[in-house]
Protein chains: 2
Amino acid sequence: MPEEIKAIQSRVERRDAAENRQRILVAAHKLFEQYGVDQVSMNQIAAEAQIGPGTLYRRYANKGELCLDLIKDSVVRFFEDIEQYLLQNQQEPADHRLKGILKIFMPFIEKKAQLLTGGKGSASAQRLPYQSQNPLYNKMHQIAVELFDEMTAADHPSPNSIFKADMLLIAISIDSYFYQRDVRGYSPDEILEHLCSTFI
Amino acid sequence: MPEEIKAIQSRVERRDAAENRQRILVAAHKLFEQYGVDQVSMNQIAAEAQIGPGTLYRRYANKGELCLDLIKDSVVRFFEDIEQYLLQNQQEPADHRLKGILKIFMPFIEKKAQLLTGGKGSASAQRLPYQSQNPLYNKMHQIAVELFDEMTAADHPSPNSIFKADMLLIAISIDSYFYQRDVRGYSPDEILEHLCSTFI
DNA sequence: TTGACATACGGAGACCTCTCCGCTTAATAT
DNA sequence: ATATTAAGCGGAGAGGTCTCCGTATGTCAA
């Protein structure tokens, strides 16, 4: 019996562990707010949370993971927004809907940029936009693929749509986005227009 | 007199400095070869070169710069290849030439991937493909812009071409390229085809 | 309750990046 | 030859990431 239960509920978080997790989140939030994500070290966070570095790293292998945990809720809300938008615009053509999604996406990454990239200096660092292979990337990708497929009337996972979706997402990765904004000097709207004329 | 000469020849490299530079390059090359770029630290390089860390950092602010210096010659040769290709294919349509350039470019980044990204874990790290804003990126960009302009018969620096060139280059950035190859499982040729159908 | 034990803790420490600054030395003018 | 001096050197050290492992403590079965 016990083994089965354990297997199912896959381990309960210990009380002290849960408390420490809270302390970490609070400490990180405070320090990030005050100094900016880049300027805060894992050490500082551990100190502020009054735990040892080992305890911090046991939970978050690097600052990126911690950041991701910190914005988990925003991400959930973001996808709810997307879902709602898609529902309310079902009758619009796919290209229009994709543009609409980008319009929601861009302010989001602008607002959460620091946390999304999460201090990229790290040995066990991550590849690709928004440390790709994370849920955010994959879910956005899936949505984009569906819309591209719909545009070309292809059956669902068309290789071409998969590729285009990858390209679109990398094009609005944090780095690329801020490059266009800060170096090329485009406004968010201009970026959006360019994206559409290139990819849609 | 002396001041004028100094101003003109803008400083001569001191003999000991030149020697150390050589030692660094040799040491780095050896260690990179043996352990892989990522696994070699600046400290190790300094030790192998028998110089202090300060001396190493005085010349190269980070591993990326050192890597770039290490492949400077390959980059020059690469652009000579491009130039020659463009010369020999002047009569071909612009899209064909762009594809040809990608065909030269892809093996190049495949071969030099490690050195081009140059151990990305670094505080003063770099943005964008091939630590963008470096000569390689800018020159490739310029070439792509010209070809895009030619395709659309636009006068030279058309905003649209500039954007498309940025997107194309980011699409074949190391990260993106190896993502397509290793995660999506495409062969270089397939990637090339997809790139063309998306961007050209 | 009380073991038993999986989980979690914490800090010492290995190794890293990068800076600072007093000392050294090559190049030049005299 | 010698003095001057700017360029270069090197290593101590501040502060970071991340690991390892002996110790402590929740949790659960009995």
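Here is the naming used below: chain letters follow the sequence lines, and residue numbers restart at 1 for every chain.
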Practice task
Please step through salt bridge (Lys or Arg N to Asp or Glu O under 4.0 Å) for the pair Glu190(A) and Arg181(A), ending with a clear verdict.
Solution key: CA-CA 9 Å; Glu190(A) 288 170 328; Arg181(A) 215 196 54 175; over 6 Å; no

Exercise for the section: Quick one: do Tyr177(A) and Asp182(A) satisfy side chain to side chain contact (heavy atoms under 4.5 Å, CB included)? Show the steps, please. Expected result: CA-CA 9 Å; Tyr177(A) 179 80; Asp182(A) 301 335; over 6 Å; no

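Closest of all the heavy-atom pairs between Gly118(B) and Cys67(B) is CA-SG, 3.6 Å.
Taking the charged nitrogens against the carboxylate oxygens, Glu19(A) and Arg23(A) do have a contact shorter than 4.0 Å, which makes a salt bridge. The residues Arg97(B) and Glu150(B) are annotated as salt-bridged, a charged nitrogen and a carboxylate oxygen being separated by less than 4.0 angstrom. A salt bridge links Arg59(B) to Glu13(B): one of the charged nitrogens lies within less than 4.0 Å of a carboxylate oxygen.
Residue Thr55(B) has a polar side-chain atom (N or O) positioned under 4.0 Å from OP1 or OP2 of dG10(D). Proximity of Arg15(A) to the phosphate of dT27(D): a side-chain N or O atom is located under 4.0 Å from OP1 or OP2. The phosphate of dA8(C) has neither OP1 nor OP2 within less than 4.0 Å of any side-chain N or O from Arg59(A). Contact check, Ser41(B) against dC16(C): a side-chain N or O comes under 4.0 Å of OP1 or OP2. Dashed line: the shortest gap from a side-chain N or O of Arg14(B) to OP1 or OP2 of dA27(C) is not under 4.0 Å.
A continuous path of hydrophobic side-chain contacts links Leu195(B) to Ile104(B) [ILVMFWY only; heavy atoms under 4.5 Å].
Ring planes of His194(A) and Phe163(B): parallel class, angle under 30° (limits at 30 and 60°). Ring geometry, Phe78(B) versus Phe108(B): the interplanar angle falls under 30°, so the pair is classed parallel (tilted spans 30 to 60°).
One can place OH of Tyr57(A) at 19 Å from P of dA8(C), the figure rounded to the nearest angstrom. When the P atom of dT17(C) is taken as reference, atom CG of Leu66(B) falls 11 Å away, rounded to whole Å. With rounding to whole Å, Arg21(B) atom CZ is found 10 Å from dC9(D) atom P. Atom-to-atom, CD1 of Ile51(B) to C1' of dG10(D) comes out at 9 Å; the value is rounded to the nearest Å. Atom CG in Asn20(B) sits roughly 15 Å away from atom C1' in dG11(D) (whole-Å rounding). Atom C1' of nucleotide dC9(D) and atom OH of Tyr60(B) are separated by 16 Å, given to the nearest angstrom. The separation between Glu19(A) atom CD and dG26(D) atom P is 10 Å, rounded to whole Å. If you take NZ of Lys63(A) and C1' of dC18(D), they are 14 Å apart, rounded to a whole angstrom.
Atom CD of Gln39(A) is surrounded by 12 or fewer heavy atoms from other residues, nucleotides or ligands within 6.0 Å. Atom CD of Glu83(A) sits in a sparse spot, with 12 or fewer heavy atoms from other residues, nucleotides or ligands closer than 6.0 Å.
Residues from residues 42-50 of chain A that place a heavy atom under 4.0 Å from any atom of DNA chain D, listed by number: Met42(A), Asn43(A), Gln44(A). Looking at residues 22-33 of chain B, you'll see that no heavy atom sits under 4.0 Å from any atom of DNA chain C.
Checked against a 6.0 Å centroid threshold, the rings of Phe199(A) and Phe199(B) count as neighbours.
The C1' atoms of five pairs define one axis at each end of the helix from dT1(C)-dA30(D) to dT30(C)-dA1(D), and these two axes lie 10° apart (to 10°).
Of the residues near DNA chain C, Arg58(B) and Asp16(B), the one whose nearest nucleotide (by heavy atom distance) lies more toward the 5' end is Arg58(B).
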